[in-house]
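Please read the structure below before turning to the comments.
Values in this document were obtained by computation on a predicted structure and should not be read as measured data. Scope of the values below: all heavy atoms of this structure, side chains included, with no hydrogens, waters or symmetry mates.
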Amino acid sequence: MLFKSSKISAVVEWGTLLISTVLVCFFLVVVIWEIVSKGAGQLSWDFITKVPSAGMTKGGILTPIIGTVMLTILTALFAIPFGVCCAIYLNEYAEDNWLTRTIRASIRNLSGVPSIIYGLFGLALFVQALQLGTSLLAAGLTLGLLSLPYIITTTEEALMRIPNSTREAALAVGATKFETIKDAVLPSAMPGILTGVVLTLSRAAGETAPILFTGAAFYINNSNGYLNQEFMALPYHLYMLSTQHQSIEEVRPIAYGTALILIIVVFFMNLTAFYIRFKYRKSATEM
């Protein structure tokens, strides 16, 4: 009787998981098909290489693409070094006491803070207090703060997966703690670290709320990008075309084309993360 009950329970659990997976995949396919079917016709070389014109009713999306690329680079420059160094300290140097556990819990809680809160914080700190103004630099620093908790968490988890025997072997042959981390621990943890970094940056590239208050502009008719000036970005550009433009029906094809480009960018960034993990795993197996 007990065996029969366990079997029924396993079937119910498996069925629930299968149904949930099918539903999620179904709605994902519907959304992607909607965007691809209505945005593919907009894609062309001119659409990618020309700046918006005539109040964004004509031209392309070169300016938002440049702004998104520069914004992602700034986010990476700020978040990656600080995030990785913080994770290394917490996992390799910090003692396991109440203070360290409190810091870890705080970092994980920051991961769940809505992105618009980071936008308001960036407005108060970078735009007003530090007087950077609404600019590309202020937006990049804000997205860097948003990305820090994710990078710290994923890096620390990657470091935790490295067995202590690796550290002990390096120390046994006379390596210092710093040399052990640099030459033994970090290379082994690099697939997980890089995967987490790329996935975090792909998420940051698609954020709208944090840049809404810190530097994103409605319309700029040139492709110049400067750190101390406002900029256009793909997610904010899509938001404005879809909800705030005075001729929404006229620019709807451009909005679908922008959404498709943004999906392609995020897809390739995620694909890069999986490739990095596969490459490092293959290298580790061959060694």
Side-chain angles (χ1 to χ4, degrees), residues 48-52 56 59-87 106-107 110-111 113-155 193-194 196-241 244 258 261-262 265-266 268-269 272-273:
I48 298 174
T49 58
K50 287 187 177 181
V51 300
M56 296 190 296
I61 56 172
L62 178 62
T63 309
I65 291 176
I66 293 176
T68 301
V69 171
M70 294 184 66
L71 184 65
T72 305
I73 292 174
L74 277 176
T75 303
L77 291 176
F78 176 73
I80 294 174
F82 285 103
V84 173
C85 289
C86 181
S106 300
I107 292 172
L110 285 173
S111 301
V113 173
S115 58
I116 194 169
I117 303 300
Y118 282 97
L120 292 172
F121 181 78
L123 172 65
L125 177 60
F126 300 120
V127 176
Q128 297 178 347
L130 298 181
Q131 298 182 354
L132 297 178
T134 51
S135 61
L136 180 63
L137 181 58
L141 293 174
T142 302
L143 279 181
L145 286 179
L146 182 146
S147 302
L148 267 177
Y150 299 95
I151 293 179
I152 294 172
T153 301
T154 54
T155 301
I193 295 174
L194 291 178
V197 166
V198 175
L199 292 177
T200 301
L201 292 180
S202 67
R203 176 183 183 270
E207 286 288 352
T208 303
I211 64 176
L212 181 67
F213 305 105
T214 54
F218 175 75
Y219 176 49
I220 297 176
N221 62 353
N222 61 70
S223 59
N224 296 326
Y226 300 99
L227 294 180
N228 61 344
Q229 293 183 356
E230 293 183 343
F231 64 99
M232 293 183 71
L234 286 172
Y236 185 70
H237 184 61
L238 175 60
Y239 166 73
M240 299 306 296
L241 290 178
Q244 304 297 316
T258 304
I261 290 293
L262 185 58
V265 169
V266 173
F268 275 104
M269 291 186 72
T272 301

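Atom CZ of Phe82 is separated from atom OG of Ser147 by 13.5 Å, given to the nearest 0.5 angstrom. The distance from the OG1 atom of Thr258 to the CG atom of Leu238 is 6.0 Å, given to the nearest 0.5 Å. In this structure, the separation between CG on Leu130 and CG on Leu125 is 4.5 Å, given to the nearest 0.5 Å. Here Thr154 contributes atom OG1 and Leu199 contributes atom CG; the two are 8.5 Å apart, rounded to the nearest 0.5 Å. Between the CG atom of Leu146 and the OG1 atom of Thr75 there is a distance of 9.0 Å, given to the nearest 0.5 Å. For the atom pair CG (Leu137) and CG (Leu71), the distance works out to 10.5 Å, reported to the nearest 0.5 Å.
The heavy-atom pair separating Val198 from Met269 by the smallest distance is CG1-O, 2.8 Å. Val197 and Ile80 get closest at one heavy-atom pair: CG1-CD1, 3.4 Å. Nearest heavy-atom pair, Gly83 versus Leu148, reported as atom, atom and distance to 0.1 Å: N-CD2, 3.5 Å. Shortest non-hydrogen contact noted between Thr63 and Pro52 is OG1-CD, 3.5 Å. Of all heavy-atom pairs between Asn228 and Ser135, the closest is C-CB, 3.6 Å. Between Thr214 and Gly122, the shortest heavy-atom contact is CG2-C, 3.8 Å.
Thr134 and Glu230 share a donor-acceptor pair across their side chains, judged by distance under 3.5 Å alone.
Two residues are said to be in side-chain contact when any heavy atoms from C-beta on lie closer than 4.5 Å; Leu62 and Ile48 fail this criterion. Taking the side chain as every heavy atom from C-beta outward, Leu141 and Leu145 never approach each other to under 4.5 Å.
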Stepwise side-chain contact (heavy atoms from CB on, under 4.5 Å) test for Leu143 and Leu74: CA-CA 9 Å; Leu143 279 181; Leu74 277 176; over 6 Å; no

Candidate pair Gln128 and Leu123, rule side-chain contact (heavy atoms from CB on, under 4.5 Å), full reasoning: CA-CA 6 Å; Gln128 297 178 347; Leu123 172 65; 4.2 Å; yes

Chi angles and distances behind the side-chain contact (heavy atoms from CB on, under 4.5 Å) call for Thr68, Tyr236: CA-CA 10 Å; Thr68 301; Tyr236 185 70; over 6 Å; no

Worked check of side-chain contact (heavy atoms from CB on, under 4.5 Å) between Leu234 and Ile65: CA-CA 6 Å; Leu234 286 172; Ile65 291 176; 4.1 Å; yes

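No more than 12 heavy atoms of other residues, nucleotides or ligands sit less than 6.0 Å from atom CZ of Phe268.
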Can you give the donor-acceptor pairs under 3.5 Å from side chains of residues 206-213 to other protein atoms, not counting sequence neighbours?
unit_1, atom_1, unit_2, atom_2, d
Glu207, OE1, Ser115, OG, 3.3
Glu207, OE2, Arg203, NH1, 3.4
Glu207, OE2, Arg203, NH2, 3.4

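Checking side-chain atoms of Thr155 against main-chain N and O of Ile152 turns up no donor-acceptor pair under 3.5 Å. Counting only distance, with no hydrogens or angles, the side chain of Tyr150 and the backbone of Ser111 share a donor-acceptor pair below 3.5 Å.
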